[in-house]
Amino acid sequence: NPAVKAGQVFVYASGLSGWVALRAEAEARPAGFLLAAYPAKPLLRLFREQSVGLSDPSANAKATKELLALEEQLRTEEEWGSFQWSKKYLPAIRELAAVDPVALLKGITAPALLAYPEKDEIILPFHRDLAAAAGRANQEAILLPNAEHSLLRDDPQSGISGVMDRAAV
């Protein structure tokens, strides 16, 4: 929006959209970022970690086989492929697979708060440590207790389940 001046807006992004948000910093010049579950490892490495983490050995083997097939498809000039039982637009996946998320973090100048849900099973909480090690002085990586990937919280003691209380952030 041309009516919004640089430095007046904070950008919130979750998961892979954090990569897109950071790439747009030079043009958008936000006041800062709040990045939830920011993946600090490249895309294909994320997929590999997620497939290895499956508890069912046959599902693990199938996921690994699909990932190998995707990697093969990405080496071709094909426009469309399949992965995880659905059709995928390969140019977009190629672009995401080329992203170095640590370099993106190192390259931004705006302050950033990276929030990692403690119970995230998609972007595992150890990504916080990777982001913290790569970050600059104006970046902080925190762990959100009892939060899941979608920033829902689950508190078995109180029985409360719902969107994170903003005081937790």
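Both backbone and side-chain heavy atoms feed into the values below; hydrogens, waters and symmetry mates do not. This is a predicted model, so every value here is computed, not measured.
Residues Ala31 and Pro111 approach most closely at O-CD, 3.2 Å, considering heavy atoms. Scanning all heavy atoms of the two residues, the minimum distance from Pro30 to Ala110 falls at O-CB, 3.8 Å. Across every non-hydrogen atom of Pro39 and Pro101, the tightest pair is O-CB, 3.2 Å.
With a 4.5 Å cut-off on side-chain heavy atoms, Phe83 and Phe47 count as touching. Here the side chains of Val102 and Leu130 are not in contact, with every heavy-atom distance at 4.5 Å or above. At least one side-chain heavy atom of Leu46 sits under 4.5 Å from a side-chain heavy atom of Leu16. For the pair Val99/Pro42, no side-chain contact is recorded, criterion being any heavy-atom separation below 4.5 Å from C-beta on. Side-chain contact check for Glu25 versus Phe33: some heavy-atom pair is nearer than 4.5 Å. Here the side chains of Leu22 and Leu105 are in contact, with some heavy-atom distance below 4.5 Å.
The salt bridge (Lys or Arg N to Asp or Glu O under 4.0 Å) contacts involving residues 36-45 comprise Lys41-Glu49, Arg45-Glu49, where partners must be two or more places apart or lie in separate chains.
The salt bridge (Lys or Arg N to Asp or Glu O under 4.0 Å) check on Glu118 picks up nothing, with sequence neighbours excluded. Scored by the side chain to side chain donor-acceptor pair (under 3.5 Å) test, Glu72 finds Arg75 as partners (sequence neighbours excluded).
At most 12 heavy atoms of other shown residues, nucleotides or ligands fall within 6.0 angstrom of atom CD in Glu121. Counting heavy-atom neighbours within 6.0 Å of Arg23 CZ, excluding the residue itself, gives a total of 12 or less.
The pair Arg94-Glu77 fails the salt-bridge criterion, with no side-chain N (NZ, NE, NH1 or NH2) lying under 4.0 Å from an Asp/Glu carboxylate O.
Here Glu140 contributes atom CD and Leu114 contributes atom CG; the two are 9.5 Å apart, rounded to the nearest 0.5 Å. Leu43 contributes atom CG, which lies 12.5 Å from atom CG of Asp100 (distance to the nearest 0.5 angstrom). In this structure, Leu35 CG and Ile108 CD1 are separated by 6.5 Å, a value rounded to the nearest 0.5 Å. Of the inter-residue distances, the one linking Thr76 atom OG1 with Gln73 atom CD reads 7.0 Å to the nearest 0.5 angstrom.
If you chain together hydrophobic residues whose side chains sit under 4.5 Å apart, Phe10 and Leu113 never meet in one group. In this structure, Leu96 is a member of the same hydrophobic cluster as Ile122, with clusters built from ILVMFWY side-chain heavy atoms closer than 4.5 Å.
Of the possible donor and acceptor atoms, one in the side chain of His127 sits under 3.5 Å from a partner among the backbone N and O of Ala40. Looking at Thr64, its side chain does come within 3.5 Å of a backbone N or O of Asn60 through a donor-acceptor pair. Side-chain atoms of Arg128 do not come within 3.5 Å of backbone N or O of Ile142 as any donor-acceptor pair. Glu95 places no side-chain N or O within 3.5 Å of a backbone atom of Ala92 that could act as its donor or acceptor partner. Between the side chain of Asn138 and the backbone N or O of Thr109 there is at least one donor-acceptor pair closer than 3.5 Å.
Side chains of Lys88 and Ser86: a donor on one and an acceptor on the other come within 3.5 Å.
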Audit row: Val11, Leu34, side-chain contact (heavy atoms from CB on, under 4.5 Å) steps and yes/no: CA-CA 6 Å; Val11 174; Leu34 171 56; over 6 Å; no

Is there a side-chain contact (heavy atoms from CB on, under 4.5 Å) between Asp120 and Leu144 once you walk through the steps? CA-CA 10 Å; Asp120 197 331; Leu144 298 175; over 6 Å; no

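Ring geometry for Tyr38 against Trp19 counts as perpendicular: the plane angle is over 60°, on a 0 to 90° scale with 30° as the lower cut.
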